[in-house]
Amino acid sequence: MKFGSIVRQHWAALRTLLVFTAVLGFGYPLLVWLAGQLPGLSDKADGSLVVADGRAVGSSLIGQSYTDADGNPLLQYFQGRPSAAGGGYDPLVSGGSNLGPESIVDLPGKPSLLTLVCSRSAAVGELDGISGARPFCTGGGVGAVLSVTPTRVVSVNEPCETTPTPFLATYAGVRVECAEAGADHSDGQVVPIRGAAPAQPVVPADAVTAGASGLDPHISTGYADLQVERVAAARGLRPDQVRALVAAHTEGRTLGFLGEPGVNVLELNLALDGG
């Protein structure tokens, strides 16, 4: 191949590179940015920031934790949906727990999805003065799961160090034992025990399960309603005053028919603070 032909090919490739760099590296991002500054879009393009007292306090699209330094819920605030994103609502590690419905046996240092649901339900029940009972949960807030062999029955999610007396005394005529630390109970048949809890628990599903993103800013109207009495008492308000604020910050279904109405927790708590 002649030298002149090589130069022409490289020059054509270089011009193509420069053109696409200008169009896709500068022109397209600039066009998108300009479109984002249009009225009605600029707020969303800038992160849907919520401002109080002249400073940004969060985004209406990302949830927050309302806890003290020890991680205890603050009584005067509505609590959001649980989050599995980092330490909670971390947009840099957005995601869920990746635990599925078959996750019912706790592992060392890693509770099962069932135990997470049970413990959260018990905690919400204690916080808001309601029943936190759920099917397949023990009274202590862990998964009610047995490992059953012909001669031995073990409550696998109740370690002897913390729960010497299992949630069930006997099963099929065999005494139920607590789980010994480090013991392997995989040789038995795994049997979840439903218990006497109602089919429709008082604590709703969004109060005990984390969303896929871990950033959910909304809770259901049912979960918000459960918290009204506690928040009103902590703030010295009448429950009807708090319910009015909940209604004012309830958003309808997406496009009028997708999903369920939800309450934006950040905006509701700011309204309670007078922000």
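Computed from heavy atoms alone, side chains included, the values below leave out hydrogens, waters and symmetry copies.
Defined by atom type and a distance below 3.5 Å, a donor-acceptor pair is missing between the side-chain atoms of Asn264 and Ser60. Between the side chains of Ser220 and Asp206, at least one donor N or O sits under 3.5 Å from an acceptor N or O.
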*How far apart are the C-alpha atoms of Val246 and Gln227, what are their side-chain angles, what is the distance that settles it, and do they pass the side chain to side chain contact (heavy atoms under 4.5 Å, CB included) test?*
CA-CA 10 Å; Val246 171; Gln227 304 184 61; over 6 Å; no
*Should Tyr89 and Asp216 be marked as a side chain to side chain donor-acceptor pair (under 3.5 Å) after you check the CA-CA gap, both sets of side-chain angles, and the distance that decides it?*
CA-CA 8 Å; Tyr89 307 106; Asp216 308 65; over 6 Å; no
_Does Val145 form a side chain to side chain contact (heavy atoms under 4.5 Å, CB included) with Ile193? I'd like the steps, not just the answer._
CA-CA 6 Å; Val145 180; Ile193 304 299; over 6 Å; no
*Check step by step if side chain to side chain contact (heavy atoms under 4.5 Å, CB included) holds for Tyr223 and Val203.*
CA-CA 7 Å; Tyr223 187 25; Val203 180; 5.5 Å; no
*Walk me through it: do Leu146 and Leu168 pass the test side chain to side chain contact (heavy atoms under 4.5 Å, CB included)?*
CA-CA 9 Å; Leu146 304 177; Leu168 199 61; 4.1 Å; yes
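To the nearest 0.5 Å, atoms NE2 (His249) and CG (Leu270) are separated by 8.0 Å. From Leu268, atom CG reaches atom NE2 of His218 across 11.0 Å, with rounding to the nearest 0.5 Å. For the atom pair CD1 of Ile219 and CD of Gln79, the computed distance is 9.0 Å after rounding to the nearest 0.5 Å. Rounded to the nearest 0.5 angstrom, Tyr77 OH and Asn269 CG are separated by 7.0 Å. Atom CG of residue Leu215 and atom CG of residue Leu61 lie 9.5 Å apart, to the nearest 0.5 angstrom. The structure places NZ of Lys110 at 10.0 Å from CG of Leu116, a figure rounded to the nearest 0.5 Å.
The two residues Phe78 and Ala224 have their closest heavy-atom pair at CE2-O, 3.2 Å. Residues Ser147 and His185 share a closest heavy-atom pair of OG-O, 2.7 Å. Here the closest heavy-atom approach between residue Gly214 and residue Ala85 is recorded as O-CB, 3.9 Å. Contact detail for Pro201 and Pro135: the closest heavy-atom pair is CG-CD, 4.0 Å. For the residue pair Val202 and Ser131, the shortest heavy atom distance occurs at CB-O, 3.6 Å. Closest approach of Cys178 and Pro164 over heavy atoms only: SG-O, 4.0 Å.
The pair Asp128-Arg230 meets the salt-bridge criterion, since a charged nitrogen lies less than 4.0 angstrom from a carboxylate oxygen.
Taking hydrophobic clusters as Ile, Leu, Val, Met, Phe, Trp and Tyr residues chained together by side-chain heavy-atom distances below 4.5 Å, Val174 does not share a cluster with Val156. Hydrophobic clustering places Val190 together with Phe136 (ILVMFWY residues linked when any side-chain heavy atoms are closer than 4.5 Å, directly or through intermediates). Hydrophobic clustering (side-chain heavy atoms under 4.5 Å, transitive across Ile, Leu, Val, Met, Phe, Trp, Tyr) keeps Leu127 apart from Ile130. The same ILVMFWY cluster, assembled from side-chain heavy atoms under 4.5 Å apart, contains both Val263 and Leu266. In terms of hydrophobic clustering, with Ile, Leu, Val, Met, Phe, Trp and Tyr side chains grouped at heavy-atom distances under 4.5 Å, Leu114 and Val208 are assigned to different clusters.
No side-chain donor-acceptor contact under 3.5 Å links Thr115 to the backbone of Pro111. Judged purely by atom type and a 3.5 angstrom limit, Ser103 has no side-chain atom pairing as donor or acceptor with the backbone of Leu99. A donor-acceptor pair is defined here as one N or O able to donate and one able to accept, closer than 3.5 Å; no such pair exists between the side chain of Asn157 and the backbone of Val105. A distance-only check finds no donor-acceptor pair linking the side chain of Asp70 to the backbone of Asn72 [under 3.5 Å]. Judged by distance alone, with hydrogens and angles left aside, the side-chain atoms of Ser121 form no donor-acceptor pair with the main-chain N or O of Cys118 at under 3.5 Å. At distances below 3.5 Å, at least one donor-acceptor pair connects side-chain atoms of Arg235 with backbone N or O atoms of Leu272. In this structure, Arg81 contributes its side chain and Thr209 its backbone to a donor-acceptor pair below 3.5 Å. In this structure, Glu229 contributes its side chain and Pro239 its backbone to no donor-acceptor pair below 3.5 Å. A donor-acceptor pair is defined here as one N or O able to donate and one able to accept, closer than 3.5 Å; such a pair exists between the side chain of Thr138 and the backbone of Val142. At distances below 3.5 Å, not a single donor-acceptor pair connects side-chain atoms of Thr163 with backbone N or O atoms of Pro166.
Here salt bridge (charged side-chain N to carboxylate O under 4.0 Å, His left out) pairs that include residues 149-178, with residues two or more places apart or in two chains, are Arg152-Glu177, Arg152-Glu180.
Under the 4.5 Å side-chain criterion, counting only non-hydrogen atoms from C-beta, Ser112 is in contact with Asp106. Under the 4.5 Å side-chain criterion, counting only non-hydrogen atoms from C-beta, Arg134 is in contact with Val117.
Checked against salt bridge (charged side-chain N to carboxylate O under 4.0 Å, His left out), Arg253 has the following partners two or more places apart in sequence or in another chain: Glu260.
Annotation: Glu126, atom CD; neighbour count of heavy atoms from other residues, nucleotides and ligands within 6.0 Å does not exceed 12.
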